[in-house]
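Written below as structure tokens is the structure these notes are about.
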Amino acid sequence: MTNDMTKENHPRIPTCTYRLQFNRWFTFAQAREIVPYLHALGVSDAYASPYFQASAESLHGYDITDHNKLNAAVGSREEYDSWIAELHAHSMGQVLDFVPNHVGIAEPLNQWWMDVLENGPSSRYAPYFDIDWHPLKSDLRDKVLLPILSDQYGRVLERGELQVHFEEGTFYLRYGNRRLPIAPGTYRYVLDIALQNLAEHKDKDFYAELQSILTALEYLPKRTETDPKRIAERIREKEIIKRRLERRCAEAPQVQQAIEKALARINGEPGDPRSFDALDELLNAQSYRLAFWRVAAEEINYRRFFDVNDLAAIRVQLPKVFDAVHRLLLELVNTHAVTGLRIDHPDGLYLPREYFEKIQQRCAKALAIALPQDGRAIYMVAEKILTGAETLRKDWLVHGTTGYDFGNQVAQLLVDSSAETAITKTFHHSIGHSLHFGHLVYAKKLQVMKLALANDVDVLGNMVDRLSEQNRWYRDFTLEALARAVRETIACFPVYRTYLGPGQPVSEEDQQVIERAVTAAKRRNPAIEESIFSFLRDVLVFRFPENLDAEARAAHTHFVLKFQQSTGPIMAKGLEDTVFYIYNRLAALNEVGGEPQQFGLSIEAFHERNRDRQRNWPATLLAT
């Protein structure tokens with residue numbers, strides 16, 4: 001291959017990758033130093049962990065706060081370019097681990113999330129996140145639940161752990177190491193008191209100016225505003241107000257002192273519960289509701305990565321979100337700094353197949369090449385866990401998986417199948433009873449839906465209840481019966497998810513998965529009216545009633561796509577994060593993507609799997 005990376009054929013297919021885990025302990029500069037060593041080993045492509053802006057303390061990089069900045073803790077752009085130049089000098093490529101499903105929201109670095117917390121539904125970034133602004137709990141209407149407190153809200157408040165500060169014309173809330181915005185429209189809670197503190201200066205210009213600022217706050221468009229023109233007005237006016245306030249404090253120290261005195265009063269005095277009333281009122285007026293972290297499972301109203309509260313899912317299916325998230329990535333593809341992609345957790349995406357198509361098209365444009373006939377402009381692998389006889393979807397424009405499947409097949413090859421009976425007897429003896437793997441998975445998925453991911457499933461239950469109300473045949477189904485049917489069907493799901501898309505025929509694979517799950521759920525729940533399961537099955541395979549109008553069809557479709565996004569995290573939490581820690585018959589088989597209920601793989605079966613891989617996915621990663 002030529003040293004000039006711009007002249008190579010596309011896509012570039014790696015022959016051997018080497019994973020580099022970037023963080024503050026392993027930087028771009030250090031990666032550059034080992035390039036000659038990797039080249040001498042025979043490595044064709046560096047396989048990089050995510051290195052876009054994340055928490056400085058992050059050791060993994062999956063908590064990205066800005067997809068369009070490099071992580072300063074890993075290195076500068078100059079150091080990055082130097083590493084890339086060294087790769088190119090050795091004719092090496094780079095496969096980058098890219099995270100399109102979620103962002104980290106634990107700190108102020110995430111400007112999108114901070115804007116949402118400051119401005120609520122009127123934030124220009126509110127549509128970027130999967131937030132339910134009208135949840136069942138009316139107290140959460142137009143608010144985001146923030147389950148970040150270490151104790152009950154009232155206790156945290158009255159211990160004085162929540163404190164409002166003022167800096168450069170802006171008020172913000174400090175809780176431990178967290179900094180949360182205060183909505184500009186609520187500045188009056190502080191400024192009204194500050195104005196009282198300035199009563200002796202009524203004849204001064206700065207007093208009149210503070211009155212004027214308070215008047216401007218009254219006319220600021222509300223945080224529930226959704227009209228684009230009014231949102232634009234709010235964005236403009238709130239920043240003007242902050243600048244006016246900052247300038248007035250700089251010019252008149254009396255204003256700064258009056259605000260600080262007001263804050264001292266509002267922030268309360270531990271030991272005097274009534275002294276926190278004003279702060280409580282101010283916090284209740286925000287676009288977020290602070291809560292004890294333990295309430296997250298039942299009441300959280302933004303979609304997360306699994307049950308991780310500090311990782312908020314984004315709606316990358318929206319064109320403006322896709323464009324915003326991929327801007328820097330496509331620049332790096334354009335300059336051949338990135339020559340391949342590993343797509344993290346595609347099962348979390350609303351429409352995975354469409355995502356792969358779009359990113360291939362954009363990469364072709366970035367590379368200034370015609371989209372190849374097979375639709376694959378860049379080397380791409382999907383982090384996808386295949387279960388049982390499940391195969392990677394042939395309509396995904398990728399080159400294979402990240403290799404969990406191969407790694408586990410190698411592990412199974414090393415297991416002596418003839419020892420299964422003896423090992424099983426020892427296992428059952430050590431735990432004092434027998435344990436059926438399938439029953440255990442079912443039970444733990446139900447447990448996850450009652451605990452860690454309760455609200456996700458409650459949302460689905462309410463959605464399908466609204467669907468049933470639209471049809472006289474099904475309107476008598478109760479919310480509880482429908483919600484239970486949803487839970488039971490998900491608990492019986494044999495794979496992580498299905499991949500139905502709007503306006504597309506239902507594939508045979510998806511049809512079989514849904515039929516199998518519903519049949520198993522019916523069998524396990526003879527007391528539930530069978531027609532409820534039949535109704536749910538018809539919904540999940542896009543069998544629309546004939547009289548359904550366009551709006552109702554859209555709601556029906558949205559439910560199916562949300563259902564598909566939910567089954568994967570429930571499988572992962574129930575299987576990988578729970579069952580794999582309990583079913584320890586042979587712990588070596590409990591890796592991600594593993595199937596510990598299977599005990600060993602014959603050499604013949606292993607070779608057949610490899611032949612199938614060579615036929616269908618010859619460029620897939622082989623992770624060992």
Side-chain angles (χ1 to χ4, degrees), residues 294 296-298 306-308 385-390 404-405 407-458 480-481 483-497 513 515-528 530 533 566-602 605-606:
R294 288 185 183 276
E298 294 180 14
F306 294 2
D307 61 342
V308 184
I385 295 172
L386 301 168
T387 305
E390 184 186 15
Y404 295 144
D405 43 0
N408 281 291
Q409 287 161 20
V410 171
Q412 289 278 4
L413 181 67
L414 301 175
V415 173
D416 181 0
S417 299
S418 67
E420 180 173 11
T421 301
I423 289 284
T424 303
K425 280 184 178 178
T426 303
F427 173 53
H428 289 165
H429 177 74
S430 68
I431 63 173
H433 60 89
S434 62
L435 208 57
H436 185 276
F437 185 81
H439 294 332
L440 188 62
V441 174
Y442 165 78
K444 296 309 173 187
K445 286 174 74 176
L446 280 179
Q447 184 182 57
V448 163
M449 286 185 274
K450 289 176 183 173
L451 301 174
L453 297 170
N455 188 64
D456 300 58
V457 186
D458 288 343
E480 174 50 36
R484 187 174 171 190
V486 168
R487 286 195 298 270
E488 291 292 330
T489 300
I490 293 176
C492 293
F493 238 63
V495 295
Y496 278 70
R497 67 165 283 176
V513 165
E515 292 282 359
R516 182 176 161 190
V518 171
T519 300
K522 280 182 183 178
R523 189 171 61 247
R524 285 183 178 275
N525 296 275
I528 298 181
E530 188 174 333
F533 283 111
S566 302
T567 57
I570 293 165
M571 173 73 96
K573 291 298 298 179
L575 180 65
E576 299 162 40
D577 293 357
T578 310
V579 172
F580 280 9
Y581 288 85
I582 299 171
Y583 192 85
N584 299 311
R585 183 173 63 166
L586 186 58
L589 301 179
N590 289 30
E591 291 292 337
V592 173
E595 297 184 337
Q597 77 277 25
Q598 179 184 327
F599 202 89
L601 186 68
S602 70
F606 179 69

Ignoring hydrogens and angles, write down the donor-acceptor pairs under 3.5 Å from the side chains of residues 431-441, residues two or more places apart or on other chains.
| unit_1 | atom_1 | unit_2 | atom_2 | d |
| --- | --- | --- | --- | --- |
| H436 | ND1 | G438 | N | 3.1 |
| H436 | ND1 | H439 | N | 3.1 |
| H439 | ND1 | R524 | NH2 | 3.2 |

**OP:** Flag the pair N408 / E595 as yes when at least one side-chain heavy-atom distance between them is below 4.5 Å, and no otherwise.
**Re:** no
**OP:** Kindly state each residue pair satisfying salt bridge (charged side-chain N to carboxylate O under 4.0 Å, His left out) with at least one member in residues 422-443, sequence neighbours excluded.
**Re:** none
Subject >> Side chains of S566 and V457 in contact at under 4.5 Å (non-hydrogen atoms) >> reply: no
**OP:** Mind checking the CD1-CZ spacing from I570 to F306? Nearest 0.5 Å is all I need.
**Re:** 10.5 Å
Original post:
Can you list every salt bridge (charged side-chain N to carboxylate O under 4.0 Å, His left out) pair that touches residues 430-456, not counting sequence neighbours?
Top reply: R304-D456
**OP:** Could you check E480 against R487 for salt bridge (Lys or Arg N to Asp or Glu O under 4.0 Å), going step by step and ending with a plain yes or no?
**Re:** CA-CA 10 Å; E480 174 50 36; R487 286 195 298 270; 3.3 Å; yes
**OP:** Using atom types as modelled and distance alone, determine if a side-chain donor or acceptor of T519 lies under 3.5 Å from a backbone N or O of R516.
**Re:** no
**OP:** Report yes or no: does E530 contribute a side-chain atom to a donor-acceptor pair with the main-chain N or O of K522 at less than 3.5 Å?
**Re:** no
Original post:
What is the distance from atom OG of S418 to atom CD1 of I423, rounded to the nearest 0.5 Å?
Top reply: 10.0 Å
Original post:
Atom OG1 of T426 and atom NE2 of H429: how far apart are they, to the nearest 0.5 Å?
Top reply: 8.0 Å
Original post:
Do the side chains of T567 and M571 get nearer than 4.5 Å, heavy atoms only?
Top reply: no
Subject >> Sequence neighbours excluded - salt bridge (charged side-chain N to carboxylate O under 4.0 Å, His left out) pairs with any residue from residues 566-579 >> reply: D307-K573, K573-D577
What pairs of donor and acceptor atoms, side-chain ones from residues 582-590 against any protein atom, are under 3.5 angstrom apart with sequence neighbours left out?
| unit_1 | atom_1 | unit_2 | atom_2 | d |
| --- | --- | --- | --- | --- |
| N584 | ND2 | Y581 | O | 3.3 |
| N584 | ND2 | I582 | O | 3.4 |
| R585 | NH1 | E420 | OE2 | 3.1 |
| R585 | NH1 | T424 | OG1 | 3.1 |
| R585 | NH2 | P596 | O | 3.0 |
| R585 | NH2 | Q597 | O | 3.2 |
| N590 | ND2 | F580 | O | 2.8 |
| N590 | ND2 | Y583 | O | 3.0 |

**OP:** Check whether more than 12 heavy atoms from other residues, nucleotides or ligands sit under 6.0 Å from atom CD of E390, and answer yes or no.
**Re:** yes
Original post:
Do you know which two heavy atoms are closest between F599 and A419, and how far apart they sit?
Top reply: CE2-C, 4.0 Å
Subject >> Check: N525 and R484 side chains under 4.5 Å, non-hydrogen atoms >> reply: yes
**OP:** Return the minimal non-hydrogen interatomic distance between F493 and A517, and the atom names on each side.
**Re:** CD1-CB, 3.6 Å
**OP:** Search all heavy atoms of A521 against all heavy atoms of F533 and return the closest pair with its distance.
**Re:** CB-CE2, 3.5 Å
Subject >> Flag side-chain contact, heavy atom, 4.5 Å: F606 against V410 >> reply: yes
Original post:
Looking at residues at least two apart in the chain, or sitting in another chain, which of them share a salt bridge (charged side-chain N to carboxylate O under 4.0 Å, His left out) with E591?
Top reply: none
Original post:
Just how far is it from atom CD1 of I385 to atom CG of L575, taken to the nearest 0.5 Å?
Top reply: 8.0 Å
